[in-house]
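Counting begins at 1 with the first residue of the sequence.
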Amino acid sequence: MLKTLVIAEKPSVARDIAKVLGVKGKGDGCLMGEQYIISWAIGHLVTLAEPEAYDTAYKKWSFQTLPILPQNMKLEAIAKTRSQLKILHNLMHSKEVGDIICATDSGREGELIFRYIYDITKCKKPFKRLWISSMTETAIKDGFANLKDGSAYDLLYQSAKCRAEADWLVGMNASRAYTIQYHALLSIGRVQTPTLALIVQRQKEIDAFVSQDYFEVEANFGAYTGLWIDEKEQTKIQTKQRAEEIVSNVKTKQGCIIKIEKEEKKQLPPLLYDLTELQRECNRKFGYAAQKTLQIAQTLYEKRKMITYPRTDSRYLSEDMKQKVKQTMQRLVQTADYGTYAKQALQTMTFQKRIVDNTKVTDHHAIIPTDTHIKTDHLTAEEKNVFDLVAGRFMAVFYPPYVYEVTKVYTKVEEERFLSKGKVVLQEGWQAVEKAFSPTPKRKKTEQEEQQLPILEENQSMVVKNAKVLQKQTKPPTPYTESTLLSAMEHAGRFVEDETVKEQMKDSGLGTPATRAAIIERLLKVGYIVRKGKSLLPTEKGKNLIAVVPDALRSPETTGKWEKGLSSIAKGNMTQQRFMASIARYVQFLVEDAKNNRKDVAFAEEAYQGKRTKGLGKCPLCQKGSILENSKSYYCTQWKSGCKFSIWKNSLESYGVQLTDTMIKKLLKQKKIAQLQMTLPQTAEVCVADLVLTTGKNGYLEWQNVTRTEKEQ
């Protein structure tokens, strides 16, 4: 009987699937059973080929070779995971295997990972798609019982493929063109550059801001205080002289309460979390970077099995989930941490449109806890923080509204009016849950907000016990934090002036929930922005880049339109040919702009982060340059002339080996380090192997003569 090959995105996910399917046998880079063989990628195993794969002339960076617009994009294996790709190739072409199940992450990027493997291996066998939203045993079983034909996700693949190719074409051509023109290594991206533009623009506004003094007058009536107001109920007074006149006019004078207004207000529970909102909250409340929140959420999803798929852009649930939601709440009722709050949520549970809406759920629903046995004692402090937010929000949405009464008291003294505000909570509602599981960052409250008003009546006489001038200053805009930048990226349409385009961009922004964290990290890595506390500030290099690129590359409008186009491809409303034709035209425009519209901007000589040596050895690729070191990699001094030699310092971390200067020197001289101890990432087996430096298109390291010694305990 022919077997089914299941391909997961990571080894950990493969092991979870194997456990559910009862697959226990171990093979080389796979798990084997009577019916199934389960193997895995290690994230991306395949990528789009470098320009020189199309023509060796592209090795040298020159305007003569731009734009680079291949008719058909080529794929190539990623060097450091080539061994696992070879294992998959052999399994996919094995006579034992009859069909395949794609079990990579259920999203656009997961689809691309599998399809690239399927394409580069030239596999023709039929495949089905496993599409699940949580990693619990029940979800995996249900997923295998409801597999769909792989062709059902062809449009999603086309969207993913267009995204990858558009990023390659824009990034490769624009980075080369502006690097050549300005003699500085400039990284330009379809999404990262307009995101950088937001940060640079905010800094411009801060730098241009001129603080102005203004004044307020506070009157103390003994039992309460009030601020002076004008006809429009504004408290600002432009001159100190006018403020002192008011103080002099009302001090020790008798006044009267002329009006008391009471208004009951309701605040409905917030929506459930999607990834962006969860990242914003974690940054605001715990100071976590967006990438860190994503990593924690991914662990809670994959390893802990406690939350549903985190890389979602929906904040709603679907109609068919109602029973599962009740089961999940029952699980929370049984816990010590959440039981009391979950019990009340279960009693008041109603499925309103703010919670359940099929029209607002696409690939995945909002992030909620799973209906598995919930234990939190084994979580790290950071995992507990994130799970508390998810569980707290899940319970809070089923709670009654937060209801409070706002009281406004108007006191008149010598023709001057003073306003006093107070608030009384009538029903804590969902805020009781948020306070318990979602700590609010401390902020300085004004006396007006803190004030507890006594029982007062209209026409009641009041004496001004004291009055004083409060001197204040207008404040500049605040720098972006990751929380506010994620929000700006999500709602990038608000930065667009064209009303028609703004309307079109309601459902799209800069990047996707799954990619925004990586974009921020990329801007930090290439030195365009820096972190200062929670703030993200542009560097001189970042400001200069935005000064030299055209509006079309800076504007979120362009990228927003593309994200909408990618979404349209996934829905079948746009062809990939039409989308890619627009990208080709845009690339030609960027190259022409870089070539013909040089700005009077000078970039500082590249400052390398980390130490820079005199040279570790001669470059084996171009035979002209020397190999130097920066904080991330070993590279050739002839990179501006087109030499692509580059070895990442972390390239062997998955094998338990840390590269050192001494190792690189030895490899450059002898091309090999014999009998080095390493660990196979696929099976955790301890081995010895020869580490060999291969000088192909860009130089890479590979293992040869691998000999197993013992299994890691």
*Taking only residues two or more places apart in sequence, or in another chain, which ones meet Glu9 in a side chain to side chain contact (heavy atoms under 4.5 Å, CB included)?*
Thr104, Asp105, Ile113

*Identify the heavy atoms of Asp690 and Ala674 that sit nearest to each other, and give their distance.*
OD1-CA, 3.3 Å

*Distance in Å, Leu196 CG paired with Leu510 CG, rounded so as to fall on 0.5 Å steps*: 11.5 Å

*Min side-chain heavy-atom separation Tyr634-Leu628 under 4.5 Å*: no

*Taking side chain to side chain contact (heavy atoms under 4.5 Å, CB included) as the test, write out the residues that go with Ser314, two or more places apart.*
Thr312, Tyr316, Val361

*Quick one: side-chain hydrogen bond (donor to acceptor under 3.5 Å, both in side chains) partners of Thr276, sequence neighbours excluded?*
Arg516

_Min side-chain heavy-atom separation Leu691-Leu652 under 4.5 Å_ = yes

*Any side-chain heavy atom of Ile37 sitting closer than 4.5 Å to one from Leu31?*
no

*Could you note down all residue pairs passing salt bridge (Lys or Arg N to Asp or Glu O under 4.0 Å) where residues 288-310 supplies at least one of them, sequence neighbours left out?*
Lys10-Glu302, Asp16-Lys305, Lys292-Glu382, Arg304-Glu383

*Measuring from Met678:CE to Leu676:CG, what's the distance to the nearest 0.5 Å?*
8.5 Å

*Look at the side chain of Ser94 and the backbone N and O of Asn90, then say whether any donor-acceptor pair between them is shorter than 3.5 Å.*
no

*For His365, which residues count as a ring pair (Phe, Tyr, Trp, His ring centres under 6.0 Å) partner, sequence neighbours excluded?*
none

*Side chain to side chain, Ser187 and Arg522, heavy atoms closer than 4.5 Å*: yes

*What distance do Gln279 atom CD and Glu490 atom CD have between them, rounded to the nearest 0.5 Å?*
10.0 Å

*First locate atom OG of Ser83, then atom NZ of Lys80, and finally report the distance between them rounded to the nearest 0.5 Å.*
12.0 Å

*What pairs meet the salt bridge (Lys or Arg N to Asp or Glu O under 4.0 Å) rule with one or both residues in residues 118-129, with sequence neighbours excluded?*
Glu111-Arg129

*For residues Leu485 and Met489, determine if any side-chain heavy atom of one lies less than 4.5 Å from a side-chain heavy atom of the other.*
yes

_Please verify the inter-ring angle class for Trp562 with Phe579; under 30° counts as parallel, over 60° as perpendicular, anything in between as tilted._
perpendicular

*Mind checking side chain to side chain contact (heavy atoms under 4.5 Å, CB included) for Asp99 and listing every partner two or more places apart, or none if nothing turns up?*
Thr4, Pro126

*May I ask you to test the Ile132-Asp142 pair for a side-chain heavy-atom distance under 4.5 Å?*
no

*Taking Thr179 for its side chain and Leu186 for its backbone only, find out whether a donor-acceptor pair lies under 3.5 Å.*
yes

*Counterpart residues, ring pair (Phe, Tyr, Trp, His ring centres under 6.0 Å), relative to Trp61 (two or more places apart)*: none

*Would you call the rings of Tyr153 and Trp131 parallel, tilted or perpendicular, where under 30° means parallel and over 60° means perpendicular?*
parallel

*Indicate whether the side chain of Thr515 and that of Thr512 have a donor and an acceptor atom separated by less than 3.5 Å.*
yes

*Determine whether more than 12 heavy atoms belonging to other residues, nucleotides or ligands lie under 6.0 Å from atom NZ of Lys672.*
no

*Determine, using ring centers only, whether Trp639 and Phe645 are less than 6.0 Å apart.*
no

*Does the side chain of Ile296 reach to within under 4.5 Å of the side chain of Tyr301, using non-hydrogen atoms?*
no

*Got a donor-acceptor contact below 3.5 angstrom from the Lys624 side chain to the Gln638 backbone?*
no

*Has the side chain of Glu76 got a donor or acceptor atom that lies under 3.5 Å from a matching backbone atom of Ala49?*
no

*Compare every heavy atom of Ile38 with every heavy atom of Trp40, then report the nearest pair and how far apart it is.*
CZ3-O, 3.8 Å

*Pairwise distance CG(Leu300) to CD(Gln295) - rounded to 0.5 angstrom*: 12.0 Å

_Using the rule given for side-chain contact (heavy atoms from CB on, under 4.5 Å), can you reason through Trp703 versus Val657, listing the C-alpha separation, both sets of side-chain angles and the distance that settles it, and then say yes or no?_
CA-CA 12 Å; Trp703 297 103; Val657 176; 4.1 Å; yes

*For Gln577, which residues count as a side chain to side chain contact (heavy atoms under 4.5 Å, CB included) partner, sequence neighbours excluded?*
Thr575

*Apply the test side-chain contact (heavy atoms from CB on, under 4.5 Å) to residues Leu5 and Ile101: give CA-CA distance (whole Å), side-chain angles for both, the deciding distance (0.1 Å), then the verdict.*
CA-CA 6 Å; Leu5 173 63; Ile101 293 174; over 6 Å; no

*Verify, without hydrogens or angle tests, whether Ser633 (side chain) and Glu629 (backbone) share a donor-acceptor contact under 3.5 angstrom.*
no

*asked:* Tell me if the centroids of the rings in Phe127 and Phe114 come within less than 6.0 Å of each other.
replied: yes

*Residues that Lys161 engages under salt bridge (charged side-chain N to carboxylate O under 4.0 Å, His left out), provided they are two or more places apart*: Glu165

*Does Thr195 reach the side chain of Thr193, with side-chain heavy atoms less than 4.5 Å apart?*
no

*Within the side chain of Ser568, is there an N or O that forms a donor-acceptor pair under 3.5 Å with the backbone of Lys564?*
yes

*Would Lys59 and Glu50 pass as an ion pair if we require N to O under 4.0 Å?*
no

_Rounded at 0.5 Å granularity, tell me how far CD1 in Ile627 sits from SG in Cys636._
5.0 Å

*Side-chain donor or acceptor of Ser175 paired with backbone N/O of Met172 under 3.5 Å*: no

_Chi angles and distances behind the side-chain contact (heavy atoms from CB on, under 4.5 Å) call for Leu566, Cys162_ = CA-CA 7 Å; Leu566 293 169; Cys162 286; 3.8 Å; yes

*Under 3.5 Å, is there a donor-acceptor pair between the side chain of Tyr54 and the main chain of Lys74?*
yes

*How close do Leu693 and Pro620 get, heavy atom to heavy atom, and via which atoms?*
CD2-CG, 4.1 Å

*asked:* For Glu109, run the salt bridge (Lys or Arg N to Asp or Glu O under 4.0 Å) check against Arg115, Arg311, Arg163 and tell me which one passes.
replied: Arg163

*Considering residues at least two apart in sequence or located in another chain, which fulfil the salt bridge (charged side-chain N to carboxylate O under 4.0 Å, His left out) criterion with Lys3?*
Glu96

*Given Asn173 and Leu590, is the side-chain contact (heavy atoms from CB on, under 4.5 Å) satisfied, shown in steps?*
CA-CA 8 Å; Asn173 283 285; Leu590 290 177; over 6 Å; no

*Look only at the side chain of Thr81 and the backbone of Gln84, and say whether a donor-acceptor pair between them is shorter than 3.5 Å.*
no

*Could you pull out all residues at least two apart from His93 that satisfy side-chain hydrogen bond (donor to acceptor under 3.5 Å, both in side chains)?*
none

_Polar contact flag, side-chain donor to acceptor under 3.5 angstrom, Glu702-Thr694_ = yes

_Side-chain (Ser39) to main-chain (Gly29) donor-acceptor, under 3.5 angstrom_ = yes

*CZ of Arg578: more than 12 outside heavy atoms within 6.0 angstrom?*
no

